[in-house]
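Below you'll find the structure, written out as structure tokens, and then a few comments.
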Amino acid sequence: MTGKPGETRPSEQDRANGWGENVLVDIEDGIAWVTLNRPDKRNAINPGIVWEMNAVLDAVEEDDAVQVVVITGSGDAFSAGQDLKEYFREPDAGPPLDRERLYRANAAWQWRRMMYFPKPTIAMVNGWCFGGAFQVLIGCDLAIASEDATFGLSEINWGIIPAGIVTKSLAEVMSQRDAMYYIMTGETFTGAQAAEMKVVNMAVPASELRARTKKLADTLKEKNPFVLRSAKTAYHHVKSMPWDTALEYLMAKSDQTKYRDPERGDQKGMQQFLDDKSYRPGLQSYDRNR
Ligand code: COA
């Protein structure tokens with residue numbers, strides 16, 4: 001994958017790779033800034049975004065220059081959710097198998113792959129965030145919003161339920177009272193409210209959004225990538241396990257992680273704390289370069 005700081009996308013290479021029209025990618029200092037790019041349509045998720053995002057995830061997964069993936073939107077929207085015309089009306093009128101393929105590909109990028117994506121992911125919510133965009137938001141490991149971003153479960157306002165996997169996603173991160181309120185009223189809430197409800201990790205003024213997101217990405221870059229991957233995978237799996245099964249799984253996963261970790265982080269971490277006394281794990285990461 002190409003991608004130099006400040007480079008204007010899409011490049012010829014992007015187009016050859018399978019994106020550049022509906023999704024832009026900039027790789028800078030280990031961070032892939034992935035931008036949904038239909039600002040005139042408030043980045044509503046059309047089939048173009050679906051196919052291009054799957055290609056982008058393939059590419060950033062295997063690109064050693066990428067340590068963290070940030071997903072955001074062009075213009076004043078994160079995403080206005082699924083495109084009512086291109087994602088719903090037109091496929092509804094077309095061959096059922098085509099619609100099925102589209103829905104499957106959409107589920108793949110929005111949550112199936114994202115949930116277990118081998119690299120850390122951050123949703124940077126810069127503006128409008130509706131309906132299907134919640135799947136992306138919640139599919140990402142972490143989320144930061146602009147305080148004045150606008151969120152909404154607008155489905156009820158146009159006569160459908162929050163389907164795809166939206167309602168399930170909401171049930172994972174929102175309290176029952178909050179989820180039911182917004183599902184049933186279709187009212188909007190701000191980024192600041194989203195942070196209070198823990199739909200996002202934090203909300204910051206719009207002017208600080210990118211810098212704060214970069215700071216978070218830089219923190220993740222310091223961590224052992226192999227262990228990060230195991231940690232997030234384990235979290236998602238144990239959520240639905242009974243306690244005893246979870247204990248067995250976590251101990252096995254921990255052993256697997258230790259022995260398959262190419263840098264044997266546990267050994268370095270213990271040595272630097274217990275023998276070298278060069279750092280305190282309660283307060284920072286071990287030095288991966290020693
Ligand atoms: N699907 C299809 N097109 C959409 C869209 C969506 N989800 N969201 C926005 N658009 C299109 C509009 O049709 C319009 O297209 P046009 O210029 O060809 O007429 C364009 O994007 C701009 O939308 P507009 O409503 O004029 O922008 P706005 O800034 O005044 O309002 C929103 C922004 C997001 C509040 C408004 O567009 C909206 O309510 N969108 C639908 C949100 C929704 O219900 N999403 C859930 C889908 S599951």
To the nearest 0.5 Å, tell me how far Leu250 CG sits from Tyr235 OH. 12.5 Å
Whether the Gln82 and Gln110 side chains hold a donor-acceptor pair (N or O, under 3.5 Å, no angle test) is what I'd like checked. yes
Main-chain N/O of Gly73 paired with Asn126 side-chain donor or acceptor, under 3.5 Å: yes
Hey, any chance Val200 and Tyr181 share a hydrophobic cluster, counting ILVMFWY side chains that come within less than 4.5 Å of each other, even indirectly? yes
Donor on one side chain, acceptor on other, Ser154 and Asn157, under 3.5 Å: no
Tell me if the CH2 atom of Trp158 is crowded by more than 12 foreign heavy atoms within 6.0 Å. yes
Do the side chain of Asn43 and the main chain of Ala77 share a donor and acceptor less than 3.5 angstrom apart? yes
Donor-acceptor side-chain pairing of Ser146 and Asp148 below 3.5 angstrom: yes
Does this structure show an ion pair linking Arg264 with Asp266, if we count only N-O contacts that are shorter than 4.0 Å? yes
Quick one: do Ile45 and Leu170 end up in the same hydrophobic cluster if we chain Ile, Leu, Val, Met, Phe, Trp and Tyr together by side-chain heavy atoms under 4.5 Å apart? yes
Whether Arg288 and Glu222 form a salt bridge (side-chain N of Lys/Arg under 4.0 Å from carboxylate O of Asp/Glu) is what I want to check. no
Could you go step by step and tell me if Phe273 and Tyr286 meet the ring pair (Phe, Tyr, Trp, His ring centres under 6.0 Å) rule? CA-CA 8 Å; Phe273 178 53; Tyr286 69 87; over 10 Å; no
Is it true that the side chains of Asn106 and Trp109 contain a donor and an acceptor less than 3.5 Å apart? yes
Lys41/Asp83 ion pair, N-O < 4.0 Å: no
Is a side-chain N or O of Thr233 found less than 3.5 angstrom from the main chain of Arg229, in a donor-acceptor match? yes
May I ask whether Val70 and Leu36 are part of the same hydrophobic cluster, defined by side-chain heavy atoms of I, L, V, M, F, W, Y residues being less than 4.5 angstrom apart, directly or through others? no
Taking Met114 as the fixed residue, which of Asp141, Val69, Ile71 is the one that meets the side chain to side chain contact (heavy atoms under 4.5 Å, CB included) rule? Ile71
Does Val166 share a hydrophobic cluster with Trp111, counting links as ILVMFWY side-chain heavy atoms below 4.5 Å and allowing steps through other members? no
Do you see a donor-acceptor pair shorter than 3.5 Å between the side chains of Lys253 and Gln256? yes
In this structure, are over 12 heavy atoms from other groups packed under 6.0 Å from Asp64 atom CG? no
About how many Å separate OG1 of Thr150 and CG of Asp76, when rounded to the nearest 0.5 Å? 9.5 Å
Check the orientation of Phe151 and Phe189. Use parallel for under 30°, tilted for 30 to 60°, and perpendicular for over 60°. parallel
Linked, directly or transitively: Val23 and Val50 (ILVMFWY side chains, under 4.5 Å): yes
Any salt bridge between Glu86 and Arg38, counting N to O under 4.0 Å? yes
So how far is it from Tyr182 OH to Arg177 CZ, rounded to the nearest 0.5 Å? 14.0 Å
Could you check whether Asn224 and Asp261, counting side-chain N and O atoms only, form a donor-acceptor pair closer than 3.5 Å? yes
Going by the salt bridge (charged side-chain N to carboxylate O under 4.0 Å, His left out) test, name the single residue among Arg210, Lys221, Lys214 that passes it with Glu28. Arg210
So Phe88 and Tyr103, would you call those rings parallel, tilted or perpendicular, with 30° and 60° as cut-offs? perpendicular
